[in-house]
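The first residue in the sequence is number 1, and the count goes up from there. Values in this document were obtained by computation on a predicted structure and should not be read as measured data.
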Amino acid sequence: MQALNTLDEFFERSGAEVAIYHMGRRVTACPRETLAAFERGELAWPVPWQGQARVAIAFRIGDMTEPAIWFLAFALDEQGMLSPASRDGFLNRLVETLGRNVANPGLAEASSEHFMQDNPLAFTPSLPFQAMLNARATFDQNLPASQHFEPVEAYLSGQQAIDWQALGLQGIADYTVRSDAPTQQRLADAIMAKQFERDVIRPLCLCLEHCALDERLVMALIERGERAASEGDVETLCACVRAVGASESAAVGRWYLALLEDTAACGPDVLAAIAGRGWEWLEDAERLPLFLNRLAARDDTDFNVAVRDIALIPRLRLLVLMTLRDAPEGSAVQSRLANLAPRH
């Protein structure tokens, strides 16, 4: 097999059926052209996570019985562009391992599994991310949900009394991916009626954070988060903060602002939840400076790491840099920056 310049080139040559998903901040579909442009050095990765571009690539070559799935984490430079060295090493290894077997589906399938063992670009997603990927991929391919879906649907809709501890995370993921607006509205009513234990709310939120939500469900989760805050339940509060992050409801921005203005509520976990799952809401001239100031004022956060993480997001980069530059004299942000300045 000839040398490869990009991973997309391999899939093009092999005639593979390919589906790509973001696996960094949320599990969402990733257009193939996005990865291709990123590999060509034309595009900064749109949703970086901890200095990496994390993707799941599901592909099928020829008559492979099951699609192979690669979980890959590409290193990024300071501009959020691909650091090509590790990718190039990956491609060289790919040519050596799979090149001769592309025409033989059985060998290609076996070689693919072996190829990912001890691969420096490979990573293992968290269980919620794995569940959401499976739910999203089966839904996108018009395949049936897992066997865990129906018990979750029956429980969350109130149709059947089931011990919540018997509910599977995969079933919750399937439910959230397949829920339409009426389903989400019924779920909102149940949350408002306090029908679910917090040990149900938390895994539910872990899946909802990857989905766009109906306005009524957003409001129910905000109310549930506020109740958790009043009870000192930081874990459930943060779960609700993350869950509403993908929503376009203006209520999310107002809630995030209120949390950032509340010194008691805005601890390190809440800051991490906003940055990790609600980063789009930081693209705001009021929320971003407040977020950075809260971050800088705390001794229990790594200001440099957190700022670098959100500054790698293309839509936030310029705004973050301008906000840091314009930090008021004597502010916590200005003090942090002064400590970073070289001393002579």
Side-chain angles (χ1 to χ4, degrees), residues 24-26 44-52 76 78-80 205 208-210 212-213 218 221-222 224-226 228-230 233-341:
R25 294 177 179 272
R26 299 190 195 109
W45 191 246
V47 280
W49 177 249
Q50 296 179 347
Q52 298 176 328
L76 304 176
E78 292 298 323
Q79 303 296 319
C205 286
L208 289 174
E209 66 187 40
H210 301 273
L213 306 183
V218 169
L221 290 168
I222 290 175
R224 184 64 185 85
E226 284 293 296
S230 68
D233 182 0
V234 176
E235 185 175 349
T236 302
L237 166 62
C238 290
C240 293
V241 169
R242 292 192 302 269
V244 300
S247 170
E248 296 181 357
S249 170
V252 178
R254 292 193 296 270
W255 189 37
Y256 282 6
L257 180 60
L259 289 171
L260 291 170
E261 290 176 334
D262 186 345
T263 306
C266 193
D269 294 331
V270 169
L271 291 171
I274 292 175
R277 299 294 182 266
W279 73 94
E280 293 104 331
W281 294 100
L282 292 177
E283 192 178 2
D284 178 83
E286 187 174 8
R287 286 186 291 269
L288 180 60
L290 189 52
F291 172 86
L292 292 174
N293 206 56
R294 291 293 187 209
L295 190 67
R298 301 194 64 94
D299 295 328
D300 51 5
T301 61
D302 193 324
F303 179 79
N304 298 343
V305 170
V307 169
R308 180 182 184 276
D309 190 52
I310 62 172
L312 276 180
I313 302 172
R315 62 188 292 174
L316 288 181
R317 181 174 179 80
L318 182 58
L319 187 56
V320 168
L321 294 177
M322 291 175 61
T323 303
L324 293 176
R325 182 198 64 188
D326 298 337
E329 188 74 23
S331 68
V333 171
Q334 201 273 341
S335 297
R336 288 274 195 164
L337 295 176
N339 290 334
L340 294 177

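The structure places CD of Glu283 at 10.0 Å from CG of Leu318, a figure rounded to the nearest 0.5 Å. Distance CZ/Arg287 to CD/Glu280: 11.0 Å, rounded to 0.5 Å. Here the straight-line distance linking atom CZ of Arg325 with atom OG1 of Thr323 works out to 9.0 Å at 0.5 Å rounding. Atom CE of Met322 sits about 11.0 Å away from atom CG of Leu324, to the nearest 0.5 Å. Interatomic distance, CG of Leu288 versus CH2 of Trp279, reported as 15.0 Å (0.5 Å rounding). Between atom CG of residue Leu257 and atom CG of residue Asp262 there is a gap of 11.0 Å, rounded to the nearest 0.5 Å.
You'll find the side chain of Trp255 stays beyond 4.5 Å of the side chain of Val218, heavy atoms only. A 4.5 Å side-chain heavy-atom check between Leu259 and Glu226 finds at least one atom pair inside the cut-off. With a 4.5 Å cut-off on side-chain heavy atoms, Val47 and Trp45 count as touching.
At least one donor-acceptor pair closer than 3.5 Å links the side chain of Trp281 to the backbone N or O of Gly245. A donor-acceptor pair under 3.5 Å is absent between the side-chain atoms of Arg242 and the main chain of Arg277, judged by distance alone. For Ser331 (side chain) and Pro328 (main-chain N/O), a donor-acceptor pair under 3.5 Å exists by modelled atom type.
With Leu292 as reference, Val333 is the one residue of Leu271, Leu260, Val333, Leu282 to meet the side chain to side chain contact (heavy atoms under 4.5 Å, CB included) rule.
Within 6.0 Å of the CD atom in Glu286, the count of heavy atoms belonging to other residues, nucleotides or ligands does not exceed 12. More than 12 heavy atoms of other residues, nucleotides or ligands sit less than 6.0 Å from atom CD of Glu261.
When every heavy atom of Leu237 is checked against every heavy atom of Ala265, the shortest pair comes out as CD2-O, 4.5 Å. Residues Pro289 and Asp284 share a closest heavy-atom pair of CD-O, 3.8 Å. A pairwise comparison of heavy atoms in Leu312 and Glu78 identifies CD2-O, 3.6 Å as the closest pair. Annotation for Pro314 and Pro48: closest pair CD-CD, 4.3 Å, computed over non-hydrogen atoms. Residues Thr301 and Leu295 approach most closely at OG1-O, 2.9 Å, considering heavy atoms. Here the closest heavy-atom approach between residue Cys205 and residue Ala239 is recorded as CB-O, 3.4 Å.
Asp309 has a carboxylate O that lies under 4.0 Å from a charged side-chain N of Arg25, or vice versa, which qualifies the two as a salt bridge.
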Inset, instruction - Applying side-chain contact (heavy atoms from CB on, under 4.5 Å), run through Val241 and Glu209 and close with a yes or a no. - result: CA-CA 9 Å; Val241 169; Glu209 66 187 40; over 6 Å; no
